[in-house]
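Here is the structure we will look at, set down as C-alpha cells.
Letters A, B, ... mirror the listed sequences (proteins, then strands); counts begin at 1. Since the structure is predicted, the reported quantities are computational estimates derived from the model, not experimental observations.
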Protein chains: 2
Amino acid sequence: MIIKIDFESEIPIYEQLGRQIIEGIAKGELKKGEQLPSVRQLAEDIGINLHTVNKVYNILKNEGFLTIDRRKGAMVNNLMPEVTEEFMDFIVRELKFIIHNSYCRGMGREEFLNICKSIYDELENK
Amino acid sequence: MIIKIDFESEIPIYEQLGRQIIEGIAKGELKKGEQLPSVRQLAEDIGINLHTVNKVYNILKNEGFLTIDRRKGAMVNNLMPEVTEEFMDFIVRELKFIIHNSYCRGMGREEFLNICKSIYDELENK
DNA sequence: CTATATGTTATATAAATTATATAACATAAT
DNA sequence: ATTATGTTATATAATTTATATAACATATAG
C-alpha cells in the first residue's frame with residue numbers, strides 16, 4: 001500500500017497518514033489482521049519522524065482500527081470499531097458544515113448525494 | 001441569531017464561529033444583505049477577543065460569504081460564492097474520510113445517505 | 001464641531017499543537 | 001549475542017490559536 005504525504009498541505013502529517021490507513025482498510029488494500037510496517041520502517045519510507053508514525057498508530061489503536069503487539073508491531077484489527085455515539089456526533093457535525101456550505105453555494109440535495117454515491121461506487125469498486 | 005461557542009471543544013473558536021455564520025446563512029436566519037454585529041459587539045456578546053471575530057469576518061469575506069464596508073461593517077453578501085474547483089476538492093476530500101471511516105465501522109450506503117437527507121430536511125425545514 | 005462607532009493595523013504575549021531529534025529501555029525473535 | 005520491536009523521556013523549533021493594548025482613519029450622530 002502506497003502512502004503519499006503532501007508536505008505543503010495544511011492538514012497535519014499525522015492526520016493525512018491516519019486517513020490513508022483508514023482508506024486502505026475501507027478499500028480492502030489492508031486486510032484484517034494484516035501487519036503494518038514498523039514505526040521506524042514506515043517513518044523512513046515516507047520521510048517523517050518515527051514519533052509521528054507512532055502517534056498515528058496509537059490514535060488508530062485507541063479508535064479501534066489497529067492492535068499493537070509489542071512483538072509483531074501494529075496490525076489491522078480483526079474487529080472494526082462500532083458506530084459509537086461519539087462517532088455519530090462527529091460525522092453529523094462535519095456533514096452539517098459541508099452541507100450548509102455547499103447549500104449556500106447553490107449545490108442541491110441531489111447533486112450532493114450523487115457525490116456521496118460516487119465515492120461509495122469507487123469504494124465498493126463499481 | 002444565537003451564537004454558541006464551546007470553549008472545551010477541540011475545534012478552534014474562529015472555526016466554530018465561522019461555521020455557525022454559514023449555518024445561519026444556509027438556514028435563512030441571516031438574510032442576504034443583512035448586517036452582522038460589529039467585531040467589538042459580537043466579541044463582547046460571546047465573550048471572545050475582537051481579533052478572533054475580525055479574523056472570522058475576513059475569512060468569510062475572502063470565501064465570498066460576507067462583504068465588509070468600513071462604514072456599516074460586515075454584511076451577508078447578496079451573491080453567494082460559487083462551487084469552485086477548490087471547494088469541490090475540499091468536500092470530496094472530507095466526504096471520503098467520513099465515508100471510509102463509517103464504512104469500516106459497518107455503516108452502509110443507505111444509512112449514510114439517510115443521515116445526509118435528514119440534515120437536508122432540517123435545513124429546508126420540513 | 002465633537003463624540004462615538006466602525007474596520008483596520010501593529011505589536012506583544014501566552015498556550016497549545018505539530019514535528020523533529022536523541023537517547024535509552026524492556027522484550028521478543030533470530 | 002545481535003537485531004528489531006514498541007515504548008518512554010527530554011528537548012527543541014515552528015506554527016497555530018487566542019488574547020491584550022494601543023492607535024489610526026473615517027463615517028455617522030448629536
Side-chain angles (χ1 to χ4, degrees), chain A residues 3-22 30 33-78 90 93 97, chain B residues 3-22 30 33-78 90 93 97:
Chain A
I3 301 288
K4 200 84 193 91
I5 300 296
D6 176 8
F7 292 96
E8 309 299 311
S9 172
E10 75 286 357
I11 302 176
I13 294 173
Y14 81 94
E15 181 77 23
Q16 294 184 51
L17 178 54
R19 290 184 175 201
Q20 288 183 52
I21 291 173
I22 290 175
L30 294 173
E34 181 172 341
Q35 195 170 331
L36 296 180
S38 76
V39 292
R40 288 177 176 84
Q41 183 64 57
L42 184 53
E44 190 182 9
D45 286 352
I46 59 188
I48 64 176
N49 191 276
L50 113 177
H51 291 106
T52 306
V53 177
N54 193 246
K55 179 179 182 174
V56 174
Y57 280 4
N58 276 284
I59 289 173
L60 295 186
K61 180 191 74 175
N62 290 332
E63 290 180 350
F65 290 101
L66 304 181
T67 48
I68 302 182
D69 187 320
R70 174 155 229 137
R71 299 160 301 185
K72 302 181 223 160
M75 58 176 54
V76 180
N77 207 337
N78 288 103
F90 167 72
R93 163 160 56 76
F97 171 57
Chain B
I3 301 289
K4 201 83 194 86
I5 299 297
D6 176 8
F7 292 97
E8 309 299 312
S9 173
E10 75 286 358
I11 303 176
I13 295 173
Y14 82 94
E15 182 77 21
Q16 294 184 52
L17 179 54
R19 288 184 177 201
Q20 288 182 51
I21 292 173
I22 290 175
L30 293 174
E34 182 172 340
Q35 195 170 330
L36 296 180
S38 75
V39 291
R40 288 177 176 85
Q41 183 63 56
L42 185 52
E44 190 182 8
D45 286 351
I46 59 187
I48 63 175
N49 191 275
L50 113 179
H51 291 106
T52 307
V53 178
N54 192 246
K55 179 179 181 175
V56 174
Y57 280 4
N58 276 284
I59 290 173
L60 295 185
K61 180 191 75 177
N62 290 333
E63 290 180 352
F65 290 101
L66 305 180
T67 49
I68 302 181
D69 187 320
R70 172 155 231 137
R71 299 159 303 182
K72 301 182 223 159
M75 58 176 54
V76 180
N77 207 336
N78 287 105
F90 167 71
R93 165 160 54 75
F97 172 58

If you only use heavy atoms from C-beta on, which nucleotide in C/dG7, C/dT18, D/dA9 is closest to the side chain of B/I68? C/dG7
Which residue lies more 5' along DNA chain D, comparing B/N49 with A/K61 via nearest heavy atoms: A/K61
Note, B/D6 side chain near B/Q16 side chain (heavy atom, < 4.5 Å): yes
Rounded to the nearest 0.5 Å, what's the gap from CZ on B/F65 to CD1 on B/I21? Could you check? 10.5 Å
So which one's nearest nucleotide on DNA chain C is more toward 5', B/A74 or A/Y14? B/A74
Look at the side chain of B/R40 against the base of C/dT8 and say whether a donor-acceptor pair falls under 3.5 Å; ignore hydrogens and angles. yes
Does B/S38 have a side-chain nitrogen or oxygen under 4.0 Å from the phosphate oxygens OP1 or OP2 of C/dT6? yes
Answer with yes or no whether A/H51 presents, from its side chain, a donor or acceptor under 3.5 Å of a partner atom in the base of C/dT22. yes
Please report the distance, rounded to the nearest Å, between CG in A/L50 and C1' in D/dA4. 12 Å
On the nucleotide C/dT20, are OP1 or OP2 found under 4.0 Å from the side-chain N or O atoms that A/T52 carries? yes
What's A/I48 touching, base or sugar-phosphate or nothing? Going by heavy atoms closer than 4.0 Å. sugar-phosphate
Check the distance between C/dA19's C1' and A/Q16's CD and give it to me in whole angstrom. 13 Å
Test log, rule salt bridge (Lys or Arg N to Asp or Glu O under 4.0 Å), inputs A/R40 and A/E44: CA-CA 6 Å; A/R40 288 177 176 84; A/E44 190 182 9; over 6 Å; no
Within the 4.5 Å heavy-atom criterion, are B/Y14 and B/I48 side-chain neighbours or not? no
Side chain of B/P12 only, heavy atoms from C-beta on: which candidate in C/dT20, D/dA18, D/dT19 is closest? D/dA18
With the side chain of A/N58 defined as its heavy atoms from C-beta on, choose the nearest nucleotide among C/dA10, D/dT7, D/dT17. D/dT7
Taking CG from B/L42 and P from C/dG7, how many angstroms apart are they, rounded to a whole number? 10 Å
Quick check for you: among C/dA19, D/dT17, D/dG6, whose closest atom lies nearest to any side-chain atom of A/V39? D/dG6
Between atom CG in A/N62 and atom P in D/dT7, what is the gap in whole Å? 10 Å
Which of these nucleotides, D/dG6, C/dT20, D/dT19, is closest to any side-chain atom of A/N54? D/dG6
Donor-acceptor under 3.5 Å (B/Q35 side chain, B/G73 main chain): no
